[in-house]
Amino acid sequence: PNKLVGDFHIKSSITQKPILTLENINDDNKGTQIHFKKTTASTAANDSIGSLRFFTTDSNDEEIQTASIVSRATGITEDSEAGSLILSVLTKESLADSDSPLTAMTIEGSTTTQTAVQTTINDKLIVDGNIIIAEASAPLLSGTGYGQIFVKDDAPNELCFQDDAA
C-alpha cells in the first residue's frame, strides 16, 4: 500500500466541506476502520497512542481547541496491558486557566482484572431518563472520600448506600 509521510491537509471554503468518507461495500458484517498506531522501542505507561482534536477560531480570530478524544496505553507490561480513552471539552473555567479542554470523562481498563473497566465522570452527571443498576451481593471496595450506591440482591432487592467507612 501507498504511504503518506508527514502532514496531510485538506482545506475548503465550501459550507460543510471537506468531508472525508471511508466506504466499505463488502457484503459482510465488518465495517471500515481507522487505526492509530504508536510503535517505538521505548513505549511507556501513559503514552498517548492517538487523538482526535477539534479546533475553531474565537471572536478574536484566534485558534482554540474545543474538545479532544485521546487514547493512552495505561499498562504496557505483557499480560497486564490496558488502555484508557479520555474525553475532554473546553469550558469557561478551563479557558481562563489554561486555554485547553478539561477532562470530562475517562474510561480506563484494568491492568489486573480481565473484565474490569472504570468510567470516571468529572464534575457532575445529569441523567434525563432511567438509571439501571445491576444487583450485587455486596458493594465494591471504594476509596477514601468515596461512597457508593448499589442494589443488594436480596429478595426483595434493596437500594443501599455505603460510605467510605463501610
Could you check whether atom [atom1] of [X] has more than 12 heavy atoms from other residues, nucleotides or ligands sitting under 6.0 Å from it?
| X | atom1 | value |
| --- | --- | --- |
| L22 | CG | yes |
| I149 | CD1 | no |
| I25 | CD1 | no |

Examine [X] and [Y] and state if one hydrophobic cluster contains both, with Ile, Leu, Val, Met, Phe, Trp and Tyr joined whenever side-chain heavy atoms are less than 4.5 Å apart.
| X | Y | answer |
| --- | --- | --- |
| I131 | Y146 | no |
| F161 | V127 | yes |
| I132 | V151 | no |
| I64 | L52 | no |
| F55 | V70 | no |

Please report the interatomic distance [atom1]([X]) to [atom2]([Y]), rounded to the nearest 0.5 Å.
| X | Y | atom1 | atom2 | result |
| --- | --- | --- | --- | --- |
| L87 | S68 | CG | OG | 7.5 Å |
| I49 | L85 | CD1 | CG | 12.0 Å |
| T56 | L90 | OG1 | CG | 10.5 Å |
| F150 | L159 | CZ | CG | 9.0 Å |
| T119 | L125 | OG1 | CG | 10.5 Å |
| I133 | N157 | CD1 | CG | 10.5 Å |

How would you list all residue pairs meeting salt bridge (charged side-chain N to carboxylate O under 4.0 Å, His left out) that involve residues 6-35, not counting sequence neighbours?
->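 For residues 6-35, and leaving out neighbouring residues, there are no salt bridge (charged side-chain N to carboxylate O under 4.0 Å, His left out) pairs at all.
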
Where at least one partner belongs to residues 47-76, residue pairs that pass salt bridge (charged side-chain N to carboxylate O under 4.0 Å, His left out), sequence neighbours excluded | K38-D47

Minimum heavy-atom separation for [X] and [Y], please, with both atom names.
| X | Y | value |
| --- | --- | --- |
| D79 | E81 | N-OE1, 3.0 Å |
| S84 | T74 | OG-CG2, 3.4 Å |
| S110 | A82 | O-CB, 3.7 Å |
| G50 | F36 | CA-CD2, 4.0 Å |
| D153 | S137 | OD1-CA, 3.3 Å |
| A44 | I76 | CA-CD1, 3.7 Å |

With distance as the sole test, does N24 use its side chain to make a donor-acceptor pair with the main-chain N or O of N26 at under 3.5 Å?
-> yes

Between the main-chain N or O of I14 and the side-chain N or O of S12, is there a donor-acceptor pair closer than 3.5 Å?
->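 Flag set: sc S12 to bb I14 pair under 3.5 Å.
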
